[in-house]
Novice: 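First, the structure itself, so that you have it in front of you.
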Amino acid sequence: MDYQFKDIEQKWQQFWADNQTFKAEDKSAKPKYYVLDMFPYPSGAGLHVGHPLGYIASDIFARYKRLKGFNVLHPMGYDSFGLPAEQYAIQTGQHPAVTTEANIATYRRQLDQIGFSFDWSREVRTSSPDYYKWTQWIFMQLFNSWYNKDADKAVSITKLIEHFEQNGSAGINAVCDDDTSTFTADEWKALSNPAQQNELLKYRLTYLRESTVNWCAALGTVLANDEVKDGFSERGGYPVEQKKMMQWSMRITAYAERLLQGLDTIDWPEPLKEMQRNWIGKSTGASVKFPLENQVPIAIGTRITSQDYIEVFTTRVDTIFGVTFLVIAPEHELVAELTTPEQKAEIEAYIAQTKKKSELDRMADAKTVSGAFTGSYVINPLNNERVPIWIADYVLAGYGTGAVMAVPSGDQRDYLFAKHFNLPIIQILDAQQMETEADPTKEGKYVNSDFANGLAYKEATAAIIAKLESLNLGKAKINFRMRDAIFGRQRYWGEPVPVYFKDGLPHLITEQELPLLLPEIDKYLPTETGEPPLGRAEDWNYKPSAAPSKSPPVGETSPAHEAGNYRETADPVYYEQLKDYSRSNRSQPTEAENILWQFLRKEQTGYKFRRQHAIDQYIADFVSLEKGLVVELDGHHHKLIKEADDARTETLNHFGFKVIRFTNDEVMRSPQHVFEQIKEKLELLPERDKSHFTGDQKVSPTGGDLEGADEYEYELSTMPGWAGSSWYWYRYMDAQNDKEFASKEAIAYWKDVDLYIGGSEHATGHLLYSRFWNKFLKDLDLVVEEEPFKKLINQGMIQGRSNFVYRLIDEEGRGTNTFVSHGLIKDHNVSPIHVDVNIVENEILNLNKFKEWRPEFSEAEFVLENGKYVCGVEVEKMSKRYYNVVNPDDLCQRYGADTLRMYEMFLGPLEQSKPWNTNGIEGVFKFLRKFWRLFHNDAWEFKVTDAEPTKAELKALHKIIRKVEEDIERFSFNTSVSSFMIAINELTDLKCNNKQVLQDLVVVLSSYAPHICEELWTLLGNPAGTLSYAPYPKFNPSYLVEDEFAYPISINGKTKMNLSISLSLEPKAIEELVLANADVQRYLDGKQPKKVIVVKGRIVNMVV
RNA sequence: GCCCGGAUGGCGAAAUUGGUAAACGUUGCGGUCUCAGAAGCCGUUGAGAAUUGUCUCUUGAGAGUUCGAGUCUCUCUUCGGGCACCA
């Protein structure tokens, strides 16, 4: 049979799915290897040919590693929360979950047809409650942690509280918003609870704070710095402005140094590391406090400032004697206080002017000098000079302290500012040249610098810092450019933040209440009062100890709680024994039950409890009807823990009961703690209406669930897109676990990602946040590696070829309905518009299809050249928004997945960006047919021989065995495709149909073209499905040993001829042979070479 | 402005430690097969001379190191990416 790729590919894809061929083992004697792709956002556009590039490379690698005897984890999933689905929902009213589901189905179909060896049993979706439960859980751990700088790691917040209670703030070296606030233990204890909570928020690794954020009005949300490019939103390209807002942030800055240091330990592309280094932006310098000149009366009254100094950060503290003015950002908090009445008008005008400027204007105006004098002065701490305080927008509020000491002799911006406003310029180094511009060099000796005079840079810096430290007015300091990451988004389609508000302060819900489900809302828009979409949800308030009434919790009631109890304090064997014990003694009360019963009797709690009380179909362990509280003791009445508990809880909630659960173990270990929890719960719950129950009658449904109970508002922001992707590689290790985000055993085995392939566009987003969360999880001993991705490869972007039409613009700057052909656009005022490449052929626009393409163009008119509309062309990112997408479906239909896989690799080096061009794909298809033909005779009948392979056949085979091995190890997939072609050409020329040779070749090629190889593998008589785990053929160098080598003979470095000489000869003998050769003599033309260079096995060069 | 990464035939590219530049594929051209087309197959395809076994030039430009440079060094041009009043 001819090469029937369609049948073959369908057959094997089915086979792999049916047999779970690529399911990774959780325990294995084989070494582990984790190959990960950056999981896709399932967009409505589906996959284009650029997406699978990295997946194909990683799949080849994963398949190769299986052949090499590794237990390979190669999973796939979906980053399924995000803006596009929500934007679509706003337009259509379609629930994002529905669109997302549909898009995932498309992605899955498209991925399946390419024949990837993914272990689909581990699929994750960030928008699934089973998954985001753990994203929320990690958020809670961050909320409950602070960064201890002494231990250089994150530590539980309870440790901090303990410390405050015992020692106050003394002795705490923490990453904190405001390390100037100090208090004693007594002061701490005297604080009200809200005040304490407020203080703790300054330490928590995720916190709520008023901060300056990037606000995108068009998207209705704040954005992180990495989501803003040049003042516009990365997604959608809408303008972004700065705004002060109460926002959730992640204290990633606590990890700045570790994130920087870690880069040296990982095998990542250098440019990517450089980007992260830039983003982190470490600079070493000093902070200096400049005391304010006076706080005494100026004109009318007394000015009281909140500080008596201004703190600046500088990398050139050595230039402090050259300071002639201080500049603070217009947004600086002291501006108002520092402004004197005379200067008030000027300052206010300046602030108004800068406020109007957008981020973009500000960057464009970078060269214009502007500023205003506040009227106030500080004192230079080292020479007591009066230093005027100015404001100017070249100083950024967000960096350092928002204030700089200006040294016009050494800093160009300060220089320009001084020249413009006629401020003095003081030379501070004898070698300084500053007639026309500032001289930032550090050469020479200091002058005009008091005690630093005559010193060189290094000594001067040290001396000045020492002096400042002795005055308590400065110290060496390291500053980072990186800011804390804004974590809230005012959008619907994201993880709800597991937080409610009480007394205006955020509180976590309990772990038992996870996941906090996304509520249903009527439309996906902000509320009339400007609250995020979640503000529309009805009856979506936190009721203590209750799950949201509309959404019963999914998963176990208290997984983390239980996991904590048993895994940390009792060994698993004991836990199992305990369970067995309670099962076998089901009918008798356990000791724990008796202890609990003692406590629950009315004398102790103040309420009447009933034991073994029937509610609907269930017998509850202990029930208080007045309070509507059920106390359950686990490990006694059921064996199917999860399902049974879920169903029970749901039903009991439905009947108006709250459920609190304990295990036997808990009661036995710390009964007091258990009792306290029950008491607390009883206090919180309101008395129920007596009409709901009478005596011992069966309880009827209550309807108005917990009417009158305390209700608290949930946080209305959701988490940003990067939340779910910051830990997903751990979920793949143990994707079904409902007790933990992944089990300790799974994490201990798989550890980290050995090879991660994805785009460099995630350099300062996903990849930085993931490293941050990973380090945090490591600090909590939840994971084992400090860095999550050992080796990373950036696949290049497959660019598209975009086509453009040019819309005529009228005098008022509005677009018309007329389109001008590309050759004529110089004569017209036009604006280019992307046009679908599928309605353009050879750059000629199909006019009718264009009119049908979009309703707005149905009446379009054209200015043609030579009767045709010629489109413009540009290479840019392949994206739906540019209408230049080529999709893999058509190519799979036409050539098959094996061809597509190999062609994508053949295009060029994996890491290089390149525009997509389908032209060459025929060559790869021909190659596979040629490969197929090796196994068949002219009548397309399968035919191979069992004869001994010839030397030439073995040589061709072993060349490719070695080559592919080398190429894959260095991720040079394009060159192996070439080499395969060479090998097949050679074997075709040799008319090779030798079974032994071809079988090895099938194994070698199988990671690239798995379908055709599986088919041939079984045709060769091997059992189906064994190819994926067959051993990679062993390379035997002896087949490649040559007796002779055709030495290139060159004269003065120019090759003249080749001469075959035995490889056994030494350079001396080779030289003699070469000189004796008649042709060589002809080239030498009778001259005697001055020098002869012989490199054995390489070259002979003669100098004449 | 600063920091990375590139530049090789018509096109995608190869050359792994300094050692025969352009492998492999594609496009174009010519041929074969065929009623014809498709699919095969064969030849040819860096440039320029010469015209049967030749010669010269050629890796963005220029210099340098070397017996020998696409590869190493310096200067420049240019394209792509990142950062950017960052104190």
Side-chain angles (χ1 to χ4, degrees), chain A residues 2 229-230 269-279 281-283 285 312-317 319 327 329 362-363 365-369 392-396 398-407 410-414 416-417 440 479-482 760-761 763-764 794 796-797 799 875 903 906-909 911-924 926-927 929-930 933 963 966-967 969-970 972 974-985 1046-1058 1089-1095 1097-1104:
Chain A
D2 197 354
K229 291 264 179 305
D230 300 327
E270 201 47 48
L272 201 124
K273 289 193 191 180
E274 201 53 38
M275 264 190 251
Q276 293 211 344
R277 286 193 192 104
N278 262 330
W279 189 261
K282 178 177 178 174
S283 56
V312 303
F313 174 76
T314 175
T315 52
R316 290 295 301 276
V317 71
T319 63
V327 189
R362 201 160 152 163
M363 280 190 282
D365 282 357
K367 290 198 176 70
T368 332
V369 177
D393 63 3
Y394 80 84
V395 174
L396 305 174
Y399 183 75
T401 57
V404 302
M405 57 177 227
V407 184
D411 183 285
Q412 185 59 19
R413 288 156 308 169
D414 298 345
L416 291 173
F417 197 84
N479 209 26
F480 292 95
R481 178 156 48 218
M482 183 167 65
S760 61
E761 66 272 20
T764 48
N794 286 132
M797 209 165 28
Q799 294 147 313
V875 171
Y903 183 61
F906 187 61
L907 272 178
E911 306 202 50
Q912 211 169 84
S913 288
K914 52 235 161 190
W916 179 264
N917 186 349
T918 311
N919 284 341
I921 199 168
E922 295 277 350
V924 174
K926 279 190 223 167
F927 153 76
R929 288 190 59 171
K930 218 166 163 181
R933 204 153 45 209
K963 176 74 172 155
E966 283 172 359
D967 283 351
E969 303 275 359
R970 66 191 173 100
S972 176
N974 55 325
T975 51
S976 349
V977 179
S978 298
S979 306
F980 278 125
M981 290 173 173
I982 294 167
I984 299 307
N985 288 345
Y1047 279 89
I1049 311 299
S1050 56
I1051 296 173
N1052 290 339
K1054 297 209 186 334
T1055 309
K1056 297 293 176 187
M1057 57 180 287
N1058 285 325
K1090 286 187 207 126
K1091 197 172 169 191
V1092 179
I1093 294 115
V1094 179
V1095 183
R1098 284 263 190 214
I1099 202 168
V1100 178
N1101 188 21
M1102 285 170 285
V1103 190
V1104 293

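A note on names: the letters A, B, ... follow the listed sequences, proteins ahead of strands, and every chain is numbered from 1. None of the values given here were measured: they were computed from a predicted structure.
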Novice: For Tyr399(A) and Phe313(A), take the angle between the two ring planes, folded into 0 to 90°, and tell me which bin it lands in: parallel under 30, tilted 30 to 60, perpendicular over 60.
Specialist: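 Rings of Tyr399(A) and Phe313(A): perpendicular, as their planes differ by over 60°.
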Novice: Does anything in residues 974-982 of chain A reach RNA chain B, meaning a heavy atom under 4.0 Å, and if so which residues?
Specialist: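 The answer is Asn974(A), Thr975(A), Ser978(A), Met981(A), Ile982(A).
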Novice: Under 4.0 Å between any heavy atoms, over every strand shown, what does Val1095(A) touch: base, sugar-phosphate, or nothing? Just pick one.
Specialist: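 Touches a base.
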Novice: Could you give the distance separating C3(B) and C74(B) at their P atoms, to the nearest angstrom?
Specialist: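 Result for the P pair: 13 Å, nearest Å.
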Novice: Ignoring hydrogens and geometry beyond distance, is a side-chain donor-acceptor pair present between Asn1101(A) and Ser1050(A) at under 3.5 Å?
Specialist: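 Yes.
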Novice: Is there a side-chain contact between Val924(A) and Met981(A), using heavy atoms and a 4.5 Å cut-off?
Specialist: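 In short, these two side chains touch, coming nearer than 4.5 Å.
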Novice: May I ask you to say what Lys963(A) touches in the nucleic acid, namely base, sugar-phosphate or nothing, with a heavy-atom cut-off under 4.0 Å?
Specialist: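 Base, at least one base atom sits under 4.0 Å.
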Novice: With rounding to whole Å, what would you report as the distance between A61(B) and U78(B) at their P atoms?
Specialist: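 To the nearest whole Å, 15 Å.
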Novice: Can you name the side chain to side chain contact (heavy atoms under 4.5 Å, CB included) partners of Pro271(A), sequence neighbours left out?
Specialist: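 Here the qualifying residues are Pro269(A).
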Novice: Mind checking Lys926(A) for me? I need base, sugar-phosphate or nothing, with any heavy atom below 4.0 Å counting as a touch.
Specialist: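 Since only primed, P, OP1 and OP2 atoms lie under 4.0 Å of Lys926(A), the category is sugar-phosphate.
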Novice: Say we look at U45(B) and G62(B): how far apart would their C1' atoms be, to the nearest angstrom?
Specialist: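 Pairwise C1' distance, U45(B) against G62(B), rounds to 32 Å.
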Novice: Between Lys930(A) and Asn985(A), does the side-chain contact (heavy atoms from CB on, under 4.5 Å) criterion hold? Intermediate values first, please.
Specialist: CA-CA 8 Å; Lys930(A) 218 166 163 181; Asn985(A) 288 345; 2.7 Å; yes
Novice: For nucleotides A22(B) and A14(B), find the distance between their P atoms and express it as a whole number of Å.
Specialist: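 Straight-line distance between the two P atoms is 15 Å.
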Novice: Considering only atom C1', compute the distance from G43(B) to G37(B) and round it to an integer number of Å.
Specialist: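 To the nearest whole Å, 22 Å.
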Novice: Between the base of C67(B) and the side chain of Asn1101(A), is there a donor-acceptor distance below 3.5 Å?
Specialist: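 Under the 3.5 Å cut-off, the side chain and the base do form a donor-acceptor pair.
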Novice: What integer number of Å spans the P atoms of G70(B) and A63(B)?
Specialist: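 Straight-line distance between the two P atoms is 15 Å.
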Novice: Pick the C1' atom in A7(B) and in U71(B), then give their distance to the nearest Å.
Specialist: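 About 14 Å, rounded to a whole number of Å.
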Novice: Roughly how far apart, to the nearest Å, are A50(B) and G68(B) at atom P?
Specialist: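 Looking at atom P only, A50(B) and G68(B) are 32 Å apart.
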